[in-house]
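These notes concern the structure reproduced below.
Both backbone and side-chain heavy atoms feed into the values below; hydrogens, waters and symmetry mates do not. The structure displayed is predicted, hence computed values, not measured ones.
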Amino acid sequence: MTTNLSLSPASGSAPKPPGRSARSRWHLGVNAIVVVWLALFAAVGSAHHFLPHAFWLLVHVLLLGAVTNAIVIWSGHFAASVLRLPEANRGAPAALRLLCLNAGAVGVIGGMLFQRWYVVLAGACLVGAAVTAHAGWLVRLMRRALPGRFSMTVRYYVAASALLPVGAALGVVMARGDLAGDLPERLRVAHETINLLGWVGLTVAGTLITLWPTMLRTRVADGAERAGRAALPVLLTGLGAAVAGTLLGPPPLAAPGVVGYAAGLVVAARPWLREARAKAPRSFAAWSVAAGCGWLAGSLIVLVGILVSTTSWITVGERLSLLTAPLAAGWIAQVLLGALSFLVPVVLGGGPTAVRAATASLERAWPARLAVTDAALLLCVLPVPSTVRVVCSVLLLVTLLFFLVLLVQTVLRGTRDRGRAAQGDPAPAPADVPARPHRVLGGVALGLAVVMLAVAGGAAADVRSLPILERSAATNADGGAVTPTGRTTTVVMTIRNMRFSPSSVDVPAGNRLVITLHNTGTDTHDLVLETGARTDRLSPGQKGTLDAGVVGRDLDGWCSMVGHRQMGMTFAVNVTGTASNSAPGGGGRTHDHSGHGASAATKDTAADAFDPMAEPAAGFTARDAQLPPATGEAGHQLHKRTITVKEVTREVAPGVRQKLWTFDGTAPGPVLRGRVGDTFEITLVNDGSIGHSVDFHAGSLAPNGPMRTIRPGESLTYRFTATRSGIWTYHCSTMPMSLHIANGMFGAVIIDPPELAPVDREYVLVQSEFYLGKQGGTADAAKVAAKDYDMVAFNGYADQYDHDPLTARTGERVRIWVLAAGPNEPGAFHVVGGQFDTVFREGAYDLRRGGSQSGGAQVLDLAPASGGFVELSFPQAGDYPFVTHIMSDAERGAHGVFRVR
């Protein structure tokens, strides 16, 4: 028996019923909302590097915006169809529900972006109200209808609609913050489980009962109704168990619930498999939905593995980020696009020929698009170089944009043709030409070829940090070919604490050398030999193999990650059984481990370009050193901030450019301020090309978890409560720590002392030194190791406040916070012509205005990573230079001016 949902293209042959045009206009209008959200998703994906909370924004624009609108719109249409009632999900009530839903979605997203919790609360209430009203309408529809064969589909929609307000409430609680322990992670997992597997999952499962055979143009399998009825309680029970286990117990307790949910899907999906065997998928719609369901199945398996493999919800929260792309893009987006490609031509109508023509337009090049989508998405979730992941992400955005363009073109063409038909001038539609098997295979091959080219280009762009000297190992010390022995020397090595173990190996001349390397450290590493043989870059816990071939001479090896060689990550191959392995001309080992591009001055080094007397370009503006006051009452503030690791090339002195590793694109990073008792919740997102971390000195907590190194594309949340006042440094603690700090990864957190007196002006100055590498390159690791710095600066740019002075007025009290960020050099802050009447250093007052002493201070001396503040008033108008009184450093750029009027 075939379905009768008014969805089959064949229905277009019947005379147009009254109101058909109005229904079409309604559907086109409301589905335009979905298209707008999808277009916004593509725009956010294209500009995510420039947007705050970009990852959260991408997910919620897709799921809260596009998907939730699509569910409300189409579940209403399907409910009316399966209940065989005149469609009532349009008009003023339906429009009001959609208006309320979209206003709420905008409120939630805007409130999160601008950190306004009450806006998030109001938006979530609107979303919950809209979906609850939709559920009420569905229930009223069921009560009006006679018993129907597929009425259980509407029960799926009602159950899903009842779950979304619960998930929204959990999201509001998380947005409010101020949660202790692992509760944020528990709430997040519960929130995602209810919204993804409940709101979206139940809706998709209920819809596919009838939509899937309609897509295949086949009969509904026997038992599909019974399977649907049996599956719903299993799905709800599994979902409830998973959420209860998440909120009440350790992660393994939630795993049976996920397994139960998966079992419910298996019950529901058995008829779908029989229908697919009866008539194999041959359209983009069917294959896109099938691919999406495949991603869901894989994600559920991985989710169960995550839950049973740890007892920490914090670990679960971190690992769940691996499933965001498979669930959002792999499952939900593909099901949505597949459904739209099938339903929009039906909504456009115009008869069977017009529907087939619209379908053919939307399915243009579909095998290639589908292959690109799923292959690129698979690579995005695998441990590939970050550049490959970026290229694949671009491919995914391009395929989405291509679909949106096809969708708009199809709708415009269908509307135009329908208008012509109404005027008695129908435009002939092209005949339906089904895709031949060889064309499908050719399209798939084309899509895979596009992805392969993208992978090759991305891999080629991942330039290793050190060049390789291409020299053969199959030569002896005199340069002649060595005689192979036919034997193999196998070495098992480990990496621990920035060292290879063993750090050398003896190999008989002529033996083949094979090294198995196990990274037991906490950072990414590799092993490179001077011949060019190398392992892949290995994440913590991974293993790799290096085949050096036949070896006839001594060889040097090292880790090619930036700075690791200078930290001592070197390896030696010692060849035995030959004479004079290091004879001149034999290519023997040189024992210079200083690294490429050490301190030697060449024309392209930034150090040669640095001139302390140079003037910046016209219109130069220094970094704003003014410090906004702390707000709120002490102990009652939650400071939530997302800080993104970014690699940027910046001018650090006139004519001097360096590629910096930064927190949020600036070096130093953003200044954070609060009071004793305040809580800071910092989300660190690594958008760099290597591993990074963050260490906040303002917090006191075990460093194992929050200070760990995260790989590119990962994120972590760092929470601490400020219990002591002062100006505290934060910095990357990934080894080599000195290089990461020297290359820009540092900043300041200011915690006001109790009863801090108000002042007229307040500034913050962070002193650091530069170890200049090549122009446009990173800091010179060898210089950092040797403490051979070239330049010192306040707030990341040499002498910038000489060219754009800080300002004050005579008689005003000025407070200057100073932090010596290092990584290696101290500071001695002094204002020429000024005297300090207040000195606060490392948590205590050395001198306080109004105290019994009548003395003053001339310098705030600081060791690396220490800080404090001084206060003074300027007695006369004029220019007052400020410096570090380590005068050679002042002459290297640690100099500025207060301009007093």
Side-chain angles (χ1 to χ4, degrees), residues 612 622-627 667-668 671 673 697 725-729 741 746-753 756 759-770 789 791-808 812-849 855-875 878-900:
R623 173 173 171 143
D624 188 2
Q626 292 192 69
L627 183 65
V671 177
R673 190 173 194 178
H697 289 200
S725 59
I727 177 170
W728 305 85
T729 187
I741 298 173
F746 58 88
V749 178
I750 295 176
I751 306 300
D752 286 0
L756 183 65
V759 292
D760 297 298
R761 297 177 190 260
E762 202 166 7
Y763 294 104
V764 59
L765 299 171
V766 181
Q767 178 187 315
S768 64
E769 69 266 19
F770 285 80
Y789 58 99
M791 189 177 84
V792 184
F794 290 120
N795 290 348
Y797 192 101
D799 296 321
Q800 62 177 317
Y801 301 112
D802 285 348
H803 310 297
D804 186 10
L806 304 180
T807 59
E812 288 183 333
R813 285 200 62 74
V814 179
R815 178 181 297 131
I816 307 141
W817 292 86
V818 185
L819 174 68
N824 299 318
E825 297 305 310
F829 183 75
H830 170 68
V831 177
V832 180
Q835 294 179 336
F836 308 141
D837 60 27
T838 301
V839 177
F840 179 91
R841 173 172 40 198
E842 286 296 281
Y845 284 94
D846 292 348
L847 179 68
R848 197 162 190 172
R849 184 190 183 200
Q858 57 198 309
V859 69
L860 174 62
D861 52 315
L862 301 169
S866 65
F869 68 78
V870 294
E871 294 178 7
L872 77 163
S873 297
F874 297 99
D879 286 352
Y880 293 75
F882 60 87
V883 297
T884 174
H885 220 284
I886 303 173
M887 296 311 299
S888 60
D889 289 351
E891 293 160 359
R892 296 185 188 191
H895 192 288
V897 170
F898 280 105
R899 181 152 294 163
V900 180

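In this structure, the separation between CZ on F836 and CG on L847 is 10.5 Å, given to the nearest 0.5 Å. Annotation: the span from L806 atom CG to Q626 atom CD amounts to 8.5 Å, rounded to 0.5 Å. Interatomic distance, D804 CG to D624 CG, rounded to the nearest 0.5 Å: 9.5 Å. The CD atom of E871 sits 7.0 Å away from atom CG of L756, with the distance rounded to the nearest 0.5 Å. Rounded to the nearest 0.5 Å, atoms CD (Q767) and CD1 (I886) are 6.5 Å apart. Atoms CG and CD1, on L872 and I816 in that order, are 5.0 Å from each other to the nearest 0.5 Å.
Residue V814 comes nearest to F898 through the heavy atom pair CG1-CE2, 4.5 Å, listed as atom of the first residue, atom of the second, then distance. When all heavy atoms of G834 and Y880 are compared, the pair lying nearest together is N-CD2, 4.4 Å. Of all heavy-atom pairs between A890 and H895, the closest is O-CB, 3.8 Å. When all heavy atoms of D879 and P881 are compared, the closest pair comes out as O-CD, 3.5 Å. In terms of heavy atoms, A894 sits closest to D799 at N-OD1, 4.3 Å. Between R813 and R849, the shortest heavy-atom contact is CD-NH1, 2.9 Å.
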When you look at D889 and E769, which way does the side chain to side chain contact (heavy atoms under 4.5 Å, CB included) test go after all the steps?
CA-CA 9 Å; D889 289 351; E769 69 266 19; over 6 Å; no
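Considering F829, W817, F869 as possible partners of L765, the one that fulfils the side chain to side chain contact (heavy atoms under 4.5 Å, CB included) test is F829.
Between Y763 and R815, every side-chain heavy-atom pair lies at or beyond the 4.5 Å cut-off. At a threshold of 4.5 Å between non-hydrogen side-chain atoms, the residues V818 and I727 do not count as touching. For the pair V766 and F746, the minimum side-chain heavy-atom distance is below 4.5 Å. With contacts defined as side-chain heavy-atom distances shorter than 4.5 Å, the pair N795/P668 qualifies.
By the 30° and 60° cut-offs, the orientation of the rings of F794 relative to F882 is tilted. Ring geometry for F840 versus Y845: interplanar angle over 60°, hence perpendicular rather than tilted (30 to 60°).
Residues passing the side-chain contact (heavy atoms from CB on, under 4.5 Å) test with P864, sequence neighbours excluded: P826. In this structure, the ring pair (Phe, Tyr, Trp, His ring centres under 6.0 Å) partners of Y797, at least two apart in sequence or on a different chain, are F620.
The main-chain N or O of A748 is never found under 3.5 Å from a side-chain atom of T729 such that the two would form a donor-acceptor pair.
One finds a salt bridge joining E762 and R673 here, because a Lys/Arg side-chain nitrogen approaches an Asp/Glu carboxylate oxygen to under 4.0 Å. Remark: D861 engages R841 in a salt bridge, criterion side-chain N to carboxylate O under 4.0 Å.
For Q835, the CD atom sits in a loose shell: 12 or fewer heavy atoms of surrounding residues, nucleotides or ligands are nearer than 6.0 Å.
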